[in-house]
Chemist: 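Below is one structure. I have some questions about it.
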Number of protein chains: 2
Amino acid sequence: MDGKDLLRQHIAKTASLTDDEFDYFFSHFKSETFKKGQVIISEGDVVEKEYFVLSGCLKAFFVNDNIKMHILQFTMPTWWTSDYAALYNNTKATICIDCISDAEVLSISNEDREKICNELHQVEHFFRWRTNKGYVAAQKRLLSFMNNDAKTRYEELLALYPALYNMVPKHLIAAYLGVSRETLSRLYTSSK
Amino acid sequence: MDGKDLLRQHIAKTASLTDDEFDYFFSHFKSETFKKGQVIISEGDVVEKEYFVLSGCLKAFFVNDNIKMHILQFTMPTWWTSDYAALYNNTKATICIDCISDAEVLSISNEDREKICNELHQVEHFFRWRTNKGYVAAQKRLLSFMNNDAKTRYEELLALYPALYNMVPKHLIAAYLGVSRETLSRLYTSSK
DNA sequence: TGCAGAATGTGACCTATGTCACCTAGCTCC
DNA sequence: GGAGCTAGGTGACATAGGTCACATTCTGCA
């Protein structure tokens, strides 16, 4: 399936657009490809776009003063990513996004998204629901952080994204779980 | 200021509604008052409404199998709250909401919100932006959990909501920060 | 006005996880 | 096909924060 169909199918789940409306919407996206390791957004950048992933895997992460990395999100096909705090508020990026593998994405500028949301009610509807889902997922992860120890969070993650285990190096999984790579290694080594 | 004006002002920040449109929107809200300690949503409930707080303070929390409470959100005036996972997906409540003080709220049903979002584009626009903000705030808190120790999170919280310190018992602040009440007590006792 | 419960402080001790150091096994690139 | 890098495992030790026990206020209200 090509990118256009993938996006179309993705949106059809929550909004009804005619072919013409969708074509118009789609015409504002730009197709981009990135290599493994390539950086898409780095700290301090002006953030103008958000990305819809067609293939490959991205990560959104934060690096603190002690050079420790924390991963906010792995972005797999049909998921969206950006530094939304920077994108929505027109501030400089505080998180970075780069490619765990080669990746194809569709990008759309903040400006175009707002324009089309204004022009097509159904597009605004779609974006409202997309963010609703993200919000609920973020709250769920927050609860998991407060409520579960590292081992439980690890098992939760694998249950949610079985593909990650073979796709993503372990130290990145540790950075997502919020534990050190040593601790993660001990979690699945021990049969505790 | 009465509740209607408060809501009007709140919405005017992100959406433009005519007086008639706002009156129509407002006509779907129900005014409700609760006493300190009163439970608004409890685990297992069917969740049909969300709440806009006019006065007082609510908390949204989760109680785990060990009877330990984790607070997802304190809701102060002009903030919204509900169990959104349950509300959006029509599932049973997994989190509870109750009143830290006497409170006045406006409530609107999921059904009515969706109906009006469909009828009035600007209302949909408003709810999209509200959730955007919530999503960004949730991600920020997640990062803070991964990146900061309890003392830093405590200072962040006080900087963000100075009013909380005198309004909310310490053990609830501990439950929000994700530490035990003993640890919280030691944080601000020691001058570390 | 007096008492039962909440809220809070604090000491002693325990445990999960971080940190540091070092080792091994694959890759990748000239 | 060797040099050097990255991923990953593991032991020894440090530490933040949890748990338990108990003392001290505070507060609502009978």
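Worth knowing before you read on, the calculation uses all heavy atoms, side chains too, and leaves out hydrogens, waters and symmetry mates. Order of the sequence lines sets the chain letters (A, B, ...), proteins ahead of strands, with each chain counted from 1.
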Chemist: Round to a whole Å and report the spacing from CD1 of B:Ile67 to P of D:dC20.
Modeler: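 The distance from CD1 of B:Ile67 to P of D:dC20 comes to 13 Å, rounded to the nearest Å.
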Chemist: Quick check: closest heavy atoms across B:Ser82 and B:Leu87, and the distance to 0.1 Å?
Modeler: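 For B:Ser82 versus B:Leu87, the nearest heavy atoms are OG-CD2, 3.9 Å.
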Chemist: Find the distance B:Phe145:CZ to D:dA16:C1' and express it as a whole number of Å.
Modeler: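 Result: 15 Å.
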Chemist: Looking at residues at least two apart in the chain, or sitting in another chain, which of them share a side chain to side chain donor-acceptor pair (under 3.5 Å) with A:Asn148?
Modeler: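 Applying side chain to side chain donor-acceptor pair (under 3.5 Å) to A:Asn148 gives A:Ser144.
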Chemist: What does nucleotides 6-15 of chain D look like as a protein-contact string, B for base, S for sugar-phosphate only, - for none, at under 4.0 angstrom between heavy atoms?
Modeler: -SBBBBB---
Chemist: Whole angstrom is fine here: how far is it from CG in B:Leu187 over to P in C:dT10?
Modeler: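 Rounding to the nearest Å, CG of B:Leu187 and P of C:dT10 are 13 Å apart.
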Chemist: With a 4.5 Å cut-off on side-chain heavy atoms, are B:Phe29 and B:Lys4 touching?
Modeler: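 Side chain of B:Lys4 against side chain of B:Phe29, heavy atoms only: no contact under 4.5 Å found.
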Chemist: With a 6.0 Å cut-off on ring centres, are A:Phe74 and A:Tyr176 close enough?
Modeler: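 Yes, the ring centres sit under 6.0 Å apart.
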Chemist: Quick one: B:Tyr165 OH to C:dA7 P, roughly how many Å, whole number?
Modeler: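 Whole-Å distance recorded here is 16 Å.
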Chemist: Relative to the ring of B:Trp80, is the ring of B:Phe127 parallel (under 30°), tilted (30 to 60°) or perpendicular (over 60°)?
Modeler: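 B:Phe127 vs B:Trp80 ring planes: perpendicular.
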Chemist: Within this structure, what is the CG-to-C1' distance between A:Asp149 and D:dA16, rounded to whole angstrom?
Modeler: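 In whole Å, D:dA16 C1' and A:Asp149 CG are 16 Å from each other.
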Chemist: Identify every side-chain donor-acceptor pair in residues 45-61 of chain B under 3.5 Å, counting partners at least two apart or on other chains, and give the distances.
Modeler:
unit_1, atom_1, unit_2, atom_2, d
B:Asp45, OD2, B:Ser42, N, 2.9
B:Lys49, NZ, B:Glu32, OE2, 2.8
B:Glu50, OE1, B:Tyr84, OH, 2.6
B:Glu50, OE1, B:Arg130, NH1, 2.6
B:Glu50, OE1, B:Arg130, NH2, 3.4
B:Glu50, OE2, B:Arg113, NE, 2.4
B:Glu50, OE2, B:Arg113, NH2, 3.3
B:Ser55, OG, B:Glu104, N, 3.4
B:Ser55, OG, B:Glu104, OE2, 2.8
B:Lys59, NZ, B:Asp98, OD1, 2.9
B:Lys59, NZ, B:Asp98, OD2, 3.2

Chemist: To the nearest Å, how far apart are B:Asn148 CG and D:dG17 C1'?
Modeler: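 About 16 Å, once rounded to whole Å.
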Chemist: Using a heavy-atom cut-off of 4.0 Å across all strands, would you classify A:Lys68 as base, sugar-phosphate, or nothing?
Modeler: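 Result for A:Lys68 = sugar-phosphate.
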Chemist: Strictly distance-based, threshold 3.5 Å: is any side-chain N or O of B:Asn147 a donor or acceptor partner for the main-chain N or O of B:Leu143?
Modeler: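 Flag not set: sc B:Asn147 to bb B:Leu143 has no pair under 3.5 Å.
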Chemist: For the helix from C:dT1-D:dA30 to C:dC30-D:dG1, measure the angle between the helix axis at one end and the axis at the other, each built from five pairs, rounding to 10°.
Modeler: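 Helix axis angle between the two ends: 50°.
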Chemist: In this structure, how many angstroms lie between the P atom of D:dA16 and the CG atom of B:Leu177, rounded?
Modeler: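 These atoms are roughly 17 Å apart.
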Chemist: Sequence neighbours left out, what pairs pass side-chain hydrogen bond (donor to acceptor under 3.5 Å, both in side chains) with at least one residue falling in residues 162-172 of chain A?
Modeler: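 Those involving residues 162-172 of chain A do not exist here.
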Chemist: Classify the nucleic acid contact of B:Gly178 as base, sugar-phosphate or nothing, counting any heavy atom under 4.0 Å across all strands shown.
Modeler: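 Answer is sugar-phosphate: B:Gly178 comes under 4.0 Å of backbone atoms only.
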Chemist: Could you go through residues 177-184 of chain A and list every donor-acceptor pair under 3.5 Å that involves a side-chain atom there, pairing it with any protein atom two or more places apart or in another chain?
Modeler:
unit_1, atom_1, unit_2, atom_2, d
A:Ser180, OG, A:Thr183, N, 3.2
A:Ser180, OG, A:Thr183, OG1, 3.0

Chemist: Let me know the distance between NZ of A:Lys36 and P of C:dC27, rounded to the nearest Å.
Modeler: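 Rounding to the nearest Å, NZ of A:Lys36 and P of C:dC27 are 11 Å apart.
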